[in-house]
Amino acid sequence: MSGSFSSRVIGTAPRVLVVDGSKVVRQLIARVLKAELPEAEVVGAGSGAQARELLDGGAFDFITIALRLPDVDGLELARHVRESAAQAYVPIVVVSGDVDDRLHNRTLGEHVTDYFDKSLGFQALAEFIRGYVRPQDSAEGEVLYVEDSRVVALATRRILEKHGLTVRHVISAEDALALLETAKEQGRVGADIVLTDVSLKGELTGGDLLERIRRDYGYGKGRLPVLVMTGDENPANQAALLRAGANDLVEKPIEEKLLMTKLLFQLRVSQHLREHGEAA
């Protein structure tokens, strides 16, 4: 997963390319995007060939691609975008309604920036895209941050606090579990989101922490989102973290914009679910 972004300066009217074989889906995405980003120019393409023509005609600030297109595989189109100098760093997000094996196994390839599960809804997709092209300057929420490297923790904490988040930093999974246990005894969850490294000092890893949050505490992805930071590029190991209940992964070394986009998106989804009583 790449953390690179378009070299095109985003002005007052970001250009978004929506590539999907369904005209209805393209119209739905365009409608909610215009509501979320009224100034955005949303351009639709129903095939890989049409998308290539549009890409040759000008740069975009964000591209969504369906995995299955009438004439080409979505990942092949992503590769074509990366080979175009003008689009080399644009965020490319695969939008899938049925998170198939390639998504589940993290085999999307190096050309895709991120992926979005369409089952979360098009409104959530609009907010997700806004996180890239119009990131929030500030946010609210308490982050339980688990990192044993003092240098990494200092840098990352500054990023989080700069965006207005409250950070509770601990250096081990054991410390995080103790904090969550105390909060549970007081009738609280203990945080709005958990951000944890995989490799930690002590007997428990970040993966162990994730497993206990989901299994022992029974906090689902909506109740307590968990974002896992990892330097392991092995798709099988990344897939194991997702199967264990991670909301998403952030590859190390951390890129600020990508980290904040993912973290703020998970906070918004969790808040939405809690407000509607849907958080497990």
Between the main-chain N or O of [Y] and the side-chain N or O of [X], is there a donor-acceptor pair closer than 3.5 Å?
X	Y	value
K34	P38	yes
E174	L204	yes
R15	A59	yes

Any [X] side-chain heavy atom under 4.5 Å of [Y] side chain:
X	Y	value
E256	K162	yes
E147	I171	no
V19	L69	yes
P14	E39	yes
V146	L200	yes
V143	R168	no
I193	V226	no
V93	F62	yes

What heavy-atom pair brings [X] and [Y] nearest, and what distance separates the two atoms?
X	Y	result
V167	R157	O-NH2, 3.3 Å
A191	L224	O-CD1, 3.5 Å
P225	S270	CG-CB, 3.6 Å
L210	A244	CD2-CB, 3.7 Å
L249	L227	N-CD1, 4.4 Å
I63	F60	CG1-CB, 4.3 Å

Validation: residues 43-58 side-chain donor-acceptor distances under 3.5 Å, sequence neighbours left out:
unit_1: S47; atom_1: OG; unit_2: Q50; atom_2: N; d: 3.1
unit_1: Q50; atom_1: OE1; unit_2: G46; atom_2: N; d: 2.9

Do the side chains of [X] and [Y] get close enough for a salt bridge, i.e. N-O under 4.0 angstrom?
X	Y	result
E181	K184	no
K201	D148	no
K252	D232	no

Check the pair L144 / L179 against side-chain contact (heavy atoms from CB on, under 4.5 Å), numbers first and verdict last. CA-CA 9 Å; L144 174 53; L179 187 151; 4.1 Å; yes
Distance, nearest 0.5 Å, that separates CG of L263 from CG of L165: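 If I round to the nearest 0.5 Å, the distance is 6.0 Å.
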CG-NE2 distance between L259 and H163, expressed to the nearest 0.5 angstrom: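 Answer rounded to 0.5 Å: 8.0 Å.
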Which donor-acceptor pairs under 3.5 Å do side chains of residues 25-33 form with protein atoms, sequence neighbours excluded?
unit_1: R26; atom_1: NH1; unit_2: D20; atom_2: O; d: 2.7

Determine which pairs satisfy ring pair (Phe, Tyr, Trp, His ring centres under 6.0 Å) with at least one residue from residues 166-199, sequence neighbours left out, and list them in order. Y145-H169
Determine, step by step, whether I129 and L125 satisfy the side-chain contact (heavy atoms from CB on, under 4.5 Å) criterion, reporting the C-alpha distance in whole Å, the side-chain angles of both residues, the deciding distance to 0.1 Å, and the verdict. CA-CA 6 Å; I129 294 174; L125 175 61; 4.1 Å; yes
Going through the distances and angles, do R223 and V189 end up as a side-chain contact (heavy atoms from CB on, under 4.5 Å)? CA-CA 8 Å; R223 184 77 180 279; V189 174; 3.4 Å; yes
